[in-house]
Amino acid sequence: MQVPAPFDYRRATSVGDAIALLQDYGPDSRVIAGGHSLLPMMRLRLARPEVLIDINHLTELDYIRVDGSFLKIGAMVRHVTLQTSHLAAEYYPIFAEAEAQIADPLVRNRGTVGGSLCQADPAEDLSAVFSALKANVVIAHRSGTRKVPISEFHTGPYTTILEADEILTEVEVPLRSNTGSAYEKVERRVGDWAIAAVGAMVRIEEGLVSEAGIGLTAVRADHFRAKEAEDSLVGRPPSTEAIAEAASLAATHCDPFADQRGPEDYKRHLVEELTKRALSRAMNRSLPEVH
Amino acid sequence: MQVNMLVNGVEVSDDIEPRLLLVHFLRENLRLTGTHWGCDTSNCGTCTVWMDGTPVKSCTVLAAMASGSEIMTVEGLATDGELDPVQQGFIEMHGLQCGFCTPGMMLSARWLLDHNPDPNEEQIREAISGQICRCTGYENIVRAVKWAAAHSQKSDTREEVGA
C-alpha cells in the first residue's frame, strides 16, 4: 500500500488565506487542488510536502467568463468544466478538443486548469493549448497580483516562476476575430500522456495570417512553443506550402528524446504531421472558404 | 484531525491522519469494503465513488479533502433491498467475471444513466474509459449498461424525489 509521508493539512478559505498559509508554512508547504498529480507523487515520495494547503473550496476561482477583450478562466475550473463550456468553445474549439483527450473522465472531474499548469509536467496538454493561444497567467501574492505571458511561466520540467508564497489564480486568453484553433494528439491509450501533441491558433485578416500560435507538448519544446514555425506563418497567405514549412520548422526545433513511447525520429514525424493537421483545421475554422 | 461526511446517507465522523486516502477511510475505518482498492496510481478506477454527486477515484482524494462532502459508494446503490437497475444489468448480462472492477464500473454507469438515460455504445465506453477490466473485454459491461438503460424506471423515481 502506497501512503504519503505524514503532513499537516490546512483548508484555505480564500485566496488571501491561501497566501497567508503559504507564508506561515514556507517552502515545504504545497497547494493542492485536484491532487491527481501531486497525491500520486507523494505516495511515490517524489514529493514530500510538510503541509498541504487545500484550495478546493475557493469557489471564487471557479469561473469561465468574458471580461473586456479576454476570455478568463479561473484556476479552480475543473477539466470537465472547460471541456463542456459552451462559452470557451464558442471562441476557441481547441479547449473542448484538448480536454476530451486529457487523462480520463474521472480524472477530469477533479483535475484543474491551474493545477495542470503549476504541476508543469513536460507532457501536459493545457500548457501547449495556452501557449498556442498566447495566454497570460495571473498570479496572486501578498500585496496584489502580477500578470505573466504563458511563455514565461514554465522554467523547466515541474518548475515555474511561482514563488513559494504565490498562487496562480487565472488564465486569460485574448479574444480574437477571424481566428481558428485546433488540437491534435497521439497517445498510446486513454489516460496516458501524449507521445506528442500540437495546438494551433491562426488569425487571418485580409487574406494573410496576422497571428499564429503553435504549442507543442511532450517533445521538449522551449516553453511548449514552436516559435520559429509561428514566425514563418505571419504575413503569408494561408496555404498548404506555408503549413508544410511551419510543420517542418516545428519538427526541427523541438528536442524529443527516445523513451518507451517511441524513438526520437518518430516523435519528430508526429510533430510535423500533427502540426500540419492542427494548422489546417485552425485555418479552416478561421476562414471557412480556405481549404 | 476530525473529518465528517455523509456516506450513503449516514452521517459519519472520525479522527484520522491527514494522509489517509478516502478509499482507505471507506474500507478500513467504515468497513465499507464494496469500494475496491486497486492500482494506487489513479489508473484503474475500481475505487470510484461519488463525491458530491460526481464520480471520483477515491485513491486520489484525501479523506481530509472529502470532509464535509456527500459520498456514495456501491453499498448505496440498492434501496430497500432492491438492486439498482445497473446492478441487475450486470447480473443479467454477465457484466463481470472476477468482479474486481465492478463497483467502480457500476457507479460510473449509474452516473452516466442519470445524465444520459439512453446512451449509445460510444458514450458508454467513454464513460467507463477511466476504468480497467481485465476479464470481460468490456463487451458485457456495455451490454449491462444498455440493459440498465432499458430498465431504469427506478432511477427516474429517484430523480423525481431528488428534484
**Q** Give a yes or no answer on whether the side chain of A:Asn109 reaches the backbone of B:Thr54 with a donor-acceptor pair at less than 3.5 Å.
**A** no

**Q** Go through the atoms of B:Ile128 and report whether side chain, backbone, both or neither lie under 4.5 Å from a heavy atom of chain A.
**A** neither

**Q** Any chance you could measure A:Arg43, atom CZ, to B:Arg19, atom CZ, to the nearest 0.5 Å?
**A** 13.0 Å

**Q** Check A:Leu106 against B:Val56 and note the closest heavy-atom contact, atom names and distance.
**A** CD2-N, 4.4 Å

**Q** Once side-chain hydrogen bond (donor to acceptor under 3.5 Å, both in side chains) is applied, what residue pairs with a partner in residues 60-74 of chain B remain, sequence neighbours excluded?
**A** B:Asn8-B:Thr73, B:Ser42-B:Thr60, B:Asp52-B:Ser69, B:Thr73-B:Glu75

**Q** For A:Val107 and B:Lys57, work out which heavy atoms get closest and say how close.
**A** CG2-NZ, 3.9 Å

**Q** Side chain from CB out, backbone as N, CA, C, O: work out which of these in A:Ala103 comes under 4.5 Å of a heavy atom of chain B, or both, or neither.
**A** neither

**Q** Name every donor-acceptor pair, under 3.5 Å, that has one atom in a side chain of residues 29-38 of chain A and the other anywhere in the protein, sequence neighbours excluded.
**A**
residue, atom, partner, partner atom, Å
A:Ser29, OG, A:Gly26, O, 2.6
A:His36, ND1, A:Gly34, O, 3.1

**Q** Please look at A:Arg108 and chain B and tell me whether the side chain, the backbone, both or neither of the residue comes under 4.5 angstrom of a heavy atom of that chain.
**A** side chain

**Q** If you measure from CG on A:Asn56 to CG on B:Leu62, what distance do you get to the nearest 0.5 Å?
**A** 9.5 Å

**Q** Counting only heavy atoms not in B:Glu122, do more than 12 sit closer than 6.0 Å to its CD atom?
**A** no

**Q** Is the CZ atom of B:Arg134 crowded by more than 12 outside heavy atoms at less than 6.0 Å?
**A** no

**Q** Return the minimal non-hydrogen interatomic distance between B:Gly130 and A:Pro105, and the atom names on each side.
**A** N-CD, 4.0 Å

**Q** What residue in A:Leu52, A:Asp104, A:Val80, A:Asp54 has the most heavy-atom pairs under 4.5 Å with chain B?
**A** A:Asp104

**Q** To check you understand the geometry: which heavy-atom pair defines the closest contact between A:Tyr9 and B:Met65, and what is its length?
**A** OH-CA, 3.6 Å

**Q** Step through the shown structure and confirm whether more than 12 heavy atoms of other residues, nucleotides or ligands are within 6.0 Å of CZ on A:Arg188.
**A** yes

**Q** In Å and rounded to the nearest 0.5 Å, what is the CD to SG distance from A:Gln2 to B:Cys39?
**A** 8.5 Å

